[in-house]
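Notes follow once the structure below has been shown.
Lettering follows sequence order; numbering is per chain, from 1. Note that the structure is predicted; figures quoted are calculated from it, not measured.
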Number of protein chains: 2
Amino acid sequence: MALSTQTRTQSERADHTRSRILDAAVREFSENGLAGARTEQIAEIAGVNKALLYYYFKSKEALYRAALETVAQRVLEMSLSALTPDHSPGEQIVQFALNHFDRIHSQRAFQSLMQQEMVRLHRGEENSFSSIVEKVFRPMMFRIRDLLTEGMRDGELVQADEWQVMYAALGANVFYFLSAPVVGIMSDANPLTREAMEFRRKVSIEFLGASIFVDRKHGAEVAARVLACTPMPESGEFKMFERKAK
Amino acid sequence: MALSTQTRTQSERADHTRSRILDAAVREFSENGLAGARTEQIAEIAGVNKALLYYYFKSKEALYRAALETVAQRVLEMSLSALTPDHSPGEQIVQFALNHFDRIHSQRAFQSLMQQEMVRLHRGEENSFSSIVEKVFRPMMFRIRDLLTEGMRDGELVQADEWQVMYAALGANVFYFLSAPVVGIMSDANPLTREAMEFRRKVSIEFLGASIFVDRKHGAEVAARVLACTPMPESGEFKMFERKAK
DNA sequence: GTTATTTTACTAACTGGTTAGTTAATAATG
DNA sequence: CATTATTAACTAACCAGTTAGTAAAATAAC
């Protein structure tokens with residue numbers, strides 16, 4: 001951990017340090033929120049002195065914003081590569097929903113930061129979060145909306161408010177992970193094991209297929225096809241949220 | 001505000017003070033989270049000295065738990081009165097979903113506390129939250145699951161994983177309010193105005209009707225009937241989340 | 001029914017630990 | 001040697017929780 005000190009040029013190592021700080025910040029902020037996170041802890045995770053945080057970032061809040069942008073960027077890259085323009089609108093929507101599901105659990109930190117940011121926004125906190133919305137969410141959402149409009153026009157998808165379809169499709173995924181701790185307590189079966197998630201992922205896509213297509217049989221086929229083409233990614237690609245050995 | 005001091009017995013006034021503290025705590029914790037909330041601020045909102053918090057509650061965290069239980073209790077009462085056993089399972093489900101929608105926006109503080117509690121649970125925080133889950137969520141959720149099973153057996157509802165139907169129905173509602181700040185930035189149309197919510201409420205129920213019933217026409221009728229019977233409650237019944245005049 | 005004693009409800013002012021942020025000095029690098 | 005990266009040590013503010021006290025209500029004593 002204290003190695004790799006003699007490699008490369010100074011500025012390259014500086015970049016590396018900076019991004020280590022950012023990673024540590026993402027982790028600490030996502031686990032504890034802006035108020036709960038401790039700068040000392042971020043420094044320790046990153047393996048640097050606390051003062052270095054202030055060398056690279058103006059303040060705790062600036063670091064928070066930078067951390068938010070980091071994860072947003074990752075999500076943008078991940079979601080852009082998901083759509084497959086040569087398939088039917090309906091199939092692309094299903095594909096997108098499946099990708100969204102996988103994204104949530106591999107990017108737990110993003111989800112967590114988002115949730116907390118929502119609460120902050122509710123309070124009317126001044127943001128600079130707007131730019132993330134513009135860069136990440138707007139293009140994604142409007143792209144999906146256009147696909148839905150097209151699918152409905154073609155008669156592949158049921159007539160409905162486009163945004164409602166999004167709320168239903170993405171909301172089900174978000175709610176699954178959001179409620180996981182409660183469900184865990186409620187049914188003493190942990191919803192975050194690989195088996196549980198694999199099941200939910202399948203069922204979630206199948207239900208979407210049954211919900212939004214005019215021809216439910218066609219919907220079921222699309223769902224099956226998409227599921228077959230997209231295996232669930234290995235878990236633990238990012239090992240955020242591992243329990244710390246105190 | 002400084003009146004009503006000469007009324008009633010001492011212990012009655014004490015009860016009143018205690019509940020004023022709890023209300024203040026609900027508000028402060030829901031806006032700022034456990035770590036972000038300030039005891040001094042809670043005291044100020046309640047109009048008492050900070051030390052009084054420690055007279056009534058052991059610690060900040062004990063107060064937090066008490067606040068959580070307060071709102072959970074309210075929600076339980078609200079949701080129990082929603083089901084109408086003389087209707088068909090499908091109609092009861094739709095009724096429940098509509099009630100859930102209305103509950104979210106009239107009990108914003110609960111939603112907010114829940115979200116934050118989810119994050120805390122994710123981290124494996126020790127809870128005593130379990131009792132709330134047992135008392136509020138488990139009875140509610142299992143009741144709904146049984147209704148779904150019945151509806152599917154009768155052929156009224158489409159065959160699907162019961163929990164998935166819940167994730168879809170409730171997730172869409174939750175996600176609407178969860179994403180409201182982002183959508184607000186994205187489309188500069190505030191989703192939390194009365195008109196926007198009235199529209200979403202209607203569309204959300206209609207979409208549910210189109211999704212879970214074997215006979216989509218019957219589903220549409222049920223949705224229309226439920227909507228007709230249940231006008232949207234006046235907003236601002238609880239004025240949590242009003243902006244504070246600093 | 002008045003007086004003395006205890007209990008309850010509440011506050012002003014303090015304390016000590018914590019934590020965001022600074023400074024000044026020191027390595028490393030080019 | 002001048003610039004850049006990094007740290008140890010410090011400070012000022014903040015904030016959860018305490019203490020020591022008071023006024024009034026409830027209760028007991030006479």
Side-chain angles (χ1 to χ4, degrees), chain A residues 1-29 31-68 120 125 244 246, chain B residues 1-25 27-29 31-68 120 125 246:
Chain A
M1 203 163 252
L3 50 117
S4 83
T5 316
Q6 64 275 50
T7 36
R8 302 303 180 102
T9 99
Q10 191 177 26
S11 78
E12 273 171 323
R13 276 185 302 118
D15 281 359
H16 180 238
T17 304
R18 200 191 133 96
S19 75
R20 273 207 340 274
I21 292 174
L22 270 174
D23 284 346
V26 166
R27 174 166 173 171
E28 178 72 5
F29 282 126
E31 289 180 13
N32 303 301
L34 174 54
R38 298 290 156 237
T39 54
E40 194 93 49
Q41 179 68 15
I42 295 175
E44 199 192 308
I45 296 175
V48 300
N49 188 279
K50 184 175 64 133
L52 203 57
L53 309 187
Y54 293 89
Y55 178 73
Y56 285 107
F57 302 93
K58 198 173 125 269
S59 65
K60 188 190 187 184
E61 211 179 308
L63 177 56
Y64 177 77
R65 282 196 299 268
L68 210 63
R120 292 186 70 232
E125 216 85 358
K244 281 168 282 189
K246 208 187 243 157
Chain B
M1 204 164 247
L3 51 119
S4 83
T5 314
Q6 63 276 46
T7 36
R8 303 304 179 103
T9 101
Q10 190 176 26
S11 78
E12 274 171 325
R13 277 185 297 121
D15 281 359
H16 180 239
T17 304
R18 199 190 134 96
S19 76
R20 272 207 341 273
I21 291 175
L22 270 174
D23 284 346
R27 174 167 172 170
E28 177 73 3
F29 282 127
E31 289 180 13
N32 303 301
L34 174 54
R38 300 288 155 238
T39 52
E40 194 93 48
Q41 178 67 15
I42 294 174
E44 198 192 309
I45 296 175
V48 300
N49 187 278
K50 182 170 64 124
L52 202 59
L53 308 189
Y54 294 89
Y55 176 75
Y56 284 109
F57 303 93
K58 202 175 122 264
S59 64
K60 187 189 187 185
E61 209 180 310
L63 178 55
Y64 177 77
R65 283 196 299 269
L68 211 62
R120 292 186 70 230
E125 217 85 356
K246 206 183 245 161

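As a whole-Å value, the separation of A:Tyr55 OH from D:dA5 P is 4 Å. When rounded to the nearest whole Å, the span between CD of B:Glu61 and C1' of D:dC15 equals 16 Å. The interatomic distance linking A:Ile21 (CD1) with C:dA20 (P) rounds to 15 Å, in whole Å. Between the CG atom of B:Leu52 and the P atom of C:dC10 there is a distance of 5 Å, given to the nearest Å. Between the P atom of C:dT11 and the OH atom of B:Tyr54 lies a distance of 15 Å, rounded to the nearest Å. As a whole-Å value, the separation of A:Asn32 CG from C:dT19 C1' is 14 Å. Between A:Leu53 atom CG and C:dT23 atom C1' there is a gap of 16 Å when expressed in whole angstrom units. Atom CZ in A:Arg20 sits about 11 Å away from atom C1' in D:dT6, given to the nearest Å.
Nucleic acid contact for B:Ala14: sugar-phosphate only, since backbone atoms but no base atoms lie under 4.0 Å from a heavy atom of the residue. Among the atoms of the strands shown, only primed sugar atoms or phosphate atoms (P, OP1, OP2) are found under 4.0 Å from some heavy atom of B:Ala37. Using a 4.0 Å heavy-atom criterion, one finds that B:Tyr56 contacts the sugar-phosphate atoms exclusively.
Remark: A:Arg13 is in phosphate contact with C:dT29, judged by side-chain N or O atoms under 4.0 Å from OP1 or OP2. Listed pair B:Thr39 / D:dG17 fails the phosphate criterion, with no side-chain N or O lying under 4.0 Å from OP1 or OP2.
Within 3.5 Å, a donor on the side chain of B:Lys50 pairs with an acceptor on the base of D:dG17, or the reverse.
The closest donor-acceptor contact from the side chain of A:Lys60 to the backbone of A:Leu34 lies under 3.5 Å. Put simply, the side chain of B:Glu28 gets close to the backbone of B:Arg38: a donor and an acceptor are under 3.5 Å apart. For B:Lys58 (side chain) and B:Leu63 (main-chain N/O), no donor-acceptor pair under 3.5 Å exists by modelled atom type.
Counting all heavy atoms, side chain and backbone alike, A:Phe29 lies closest to A:Ala37 at CD2-CB, 3.4 Å.
Annotation: of the two residues near DNA chain C, A:Asn49 and A:Arg38, the 5′-most nearest-nucleotide partner is A:Arg38. Nearer the 5' end of DNA chain D, as judged by each residue's closest nucleotide, is the contact made by B:Lys60, out of B:Ser11 and B:Lys60.
With sequence neighbours excluded, the residues forming a side chain to side chain contact (heavy atoms under 4.5 Å, CB included) with A:Tyr55 are A:Leu52, listed by chain and number.
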